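Since we're looking at a predicted model, the values are computed, not measured. Each ligand, and each atom within it, is numbered from 1 in the order the structure gives. Note that the numbering runs from 1 along the sequence shown for the chain.
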Amino acid sequence: MVAVIDVQDISKSFKIHHERNQSLKERLLHPRTGSTEVFHALNNISFTVGQGETVGIVGHNGSGKSTLLKCICGVLKPTSGEIRLRGSLAALLELGAGFQTELSGRDNVYLYGAMLGFSKNMVDAIFDEVVDFSEIEQFIDTQVKFYSSGMYVRLAFAVAVNVDPDILVVDEVLAVGDERFQAKCVDRIQRFREEGRTILFVTHNADQVRALCDRAVVLESGDMIADGATQDSLRIFREHLMQDAVAHDSAQLLGTITIDSVTTPEGSFDIKSGSGLHLDAAVTSQTAYSGSFVIELFTRGGLLVSRSDAQGSPVNLLPGRNVIGIDLAQVPLLDGIYDLNVGVLDHHANTVIAWSEKAASIQVTYDGREGGIVELGASIRQQ
Ligand SMILES: Nc1ncnc2c1ncn2[C@@H]1O[C@H](COP(=O)(O)OP(=O)(O)O)[C@@H](O)[C@H]1O
Ligand SMILES: [Mg+2]
């Protein structure tokens, strides 16, 4: 496969100057106090992205995702290492990067086009499509500084996808704006994938990574801790999330709760569509712990079928082995294999205490005639 993005041993550090909190008099007397610290935002990152691949970059806030994308797009110069790109690149970086806020939306479209090497005629040719996609026609001659963040992102996304780039780089922007527009953007990214273009995609939304990415890179405090198949990388990301949360909030919980297995009394995860399924999760805890239990079901294509209400499922774990029963009243899914993730979250459902990705795979057989992933039982007749 041809590498279109080749990141070789990239490091980036920032110099941060700390002013000591002094009175003006002290500062005049001792002008050179305060200190300069070097902050390592990225440490020796290497990976390549092949033609037509969609690669996700995940990591906590501050792990270095945006810094990495900025280096790739040439907005920041890495302290060491080398980046090679093959083909044209359009980037949607964090809000604030990109547009000239004093100019109108229209002028920014032309300016952005020019930056990517588009002549005025070429921008003319795509202009209507850009405005149409952005859905901000009535504001196109308004200065961008009066745009809401949603409008800004709409226009930026519309330009980036219409300038026909070989490589599209997207940083978090899909989190802004309403859900309908987000869905439209995700659709557009899907089409990009199908056209065989290369996409680098940063998000904190694991579901989007699952749905869109072939591969994912995981950053943690500037280090690359995983680069592999999406499912594997997300598992590593979650495990780190767990360790981190535990290290920060409740050190005594570290590794004390594990999900050992998910089994069925029948010993088989093969079911007929529409029937129920009982599962038992074996959880070993070294201490008593009250939290919430959550399950997620995904298609093999990475689409979230269902996630249980975490706050609605409290469990009181006792020291030793616990069995958590999971009853699925009926599974109206069509033919296919569905992967089950299970986890224990804290009471507020914002910290993962224990997690098992792909704890079980459920094989559903369906002999009805509907298509898709779920049986609606539609009956259609002429009135
Ligand atoms: N220009 C800068 N000067 C100093 N520190 C920075 C600068 N840009 C980013 N950082 C720091 O680098 C780290 C990584 O930031 P960033 O790449 O934005 O993370 P992410 O996008 O993963 O949330 C953070 O700790 C951030 O504070
Ligand atoms: Mg960021």
Side-chain angles (χ1 to χ4, degrees), residues 5 7-20 34-47 49 54-83 85 89-99 149-150 152-153 156-157 160 167-177 182 185-186 189 199-210 212-213 215-228 230 233-234 236-245 247-248 350-352:
I5 303 174
V7 175
Q8 284 304 324
D9 209 21
I10 286 300
S11 296
K12 176 71 189 174
S13 37
F14 295 108
K15 283 206 182 78
I16 305 168
H17 189 72
H18 299 286
E19 287 272 323
R20 195 106 46 82
S35 58
T36 302
E37 189 193 343
V38 177
F39 177 80
H40 300 278
L42 292 173
N43 307 310
N44 307 97
I45 309 291
S46 298
F47 64 94
V49 180
T54 301
V55 175
I57 298 178
V58 292
H60 304 302
N61 274 342
S63 57
K65 305 181 296 293
S66 297
T67 304
L68 177 61
L69 289 198
K70 284 177 192 159
C71 289
I72 290 172
C73 301
V75 174
L76 282 178
K77 191 171 158 13
T79 311
S80 64
E82 205 178 328
I83 293 170
L85 300 178
L89 177 146
L92 274 163
L93 298 178
E94 291 168 304
L95 279 183
F99 287 164
S149 56
Y152 187 103
V153 164
F157 191 89
I167 307 168
L168 179 67
V169 171
V170 181
D171 189 358
E172 296 276 4
V173 294
L174 295 186
V176 186
Q182 277 183 36
C185 294
V186 169
I189 291 178
I199 306 169
L200 203 56
F201 187 50
V202 167
T203 174
H204 60 273
N205 183 337
D207 295 339
Q208 274 178 357
V209 177
R210 258 197 209 87
L212 292 170
C213 301
R215 218 176 93 203
V217 166
V218 184
L219 295 183
E220 171 79 32
S221 312
D223 296 321
M224 188 171 92
I225 59 165
D227 172 11
T230 304
S233 288
L234 287 178
I236 291 166
F237 174 51
R238 269 184 153 138
E239 284 166 3
H240 267 255
L241 200 75
M242 185 178 109
Q243 282 170 9
D244 256 33
H248 289 146
N350 52 19
T351 302
V352 178

| query | Short check: any N/O/S atom of T67 below 2.8 Å from the Mg ion (ligand 2)? | reply | no
| Can you check side-chain contact (heavy atoms from CB on, under 4.5 Å) on S13 and H40, steps first, answer last? | CA-CA 4 Å; S13 37; H40 300 278; 3.8 Å; yes
| At a 4.0 Å cut-off, with the gap strictly under it, does some heavy atom of G59 reach an atom of ligand 1? | no
| Taking N or O atoms only and a 3.5 Å limit, does F39 qualify as a polar contact for ligand 1? | no
| query | Under the side-chain contact (heavy atoms from CB on, under 4.5 Å) criterion, do I72 and I167 qualify, and how do the steps go? | reply | CA-CA 11 Å; I72 290 172; I167 307 168; over 6 Å; no
| message | I want to know if ligand 1 touches A41 in the polar sense, i.e. an N/O pair below 3.5 angstrom. | response | no
| request: Determine whether V209 and F237 make a side-chain contact, defined as any pair of heavy atoms from C-beta on separated by less than 4.5 Å. | output: no
| query | Taking the side chain from K77 and the backbone from K12, do they hold a donor-acceptor pair closer than 3.5 Å? | reply | no
| field | Under-4.0 Å salt bridge between D227 and R215 | value | yes
| For atom 22 (O) of ligand 1, the option (of E220, K70, K65, E37) bearing the nearest heavy atom | K65
| message | For H60, which part has a heavy atom under 4.0 Å from ligand 1: side chain, backbone, both, or neither? | response | backbone
| What atoms in ligand 1 come closer than 4.0 Å to a heavy atom of S66? | 17 (O), 18 (O), 20 (P), 21 (O)
| task | Any atoms of ligand 1 less than 4.0 Å from a non-hydrogen atom of N61? List them with their elements. | result | 23 (O)
| task | Using side-chain contact (heavy atoms from CB on, under 4.5 Å) as the criterion, point out the one residue from L42, T79, N43 that pairs with I10. | result | L42
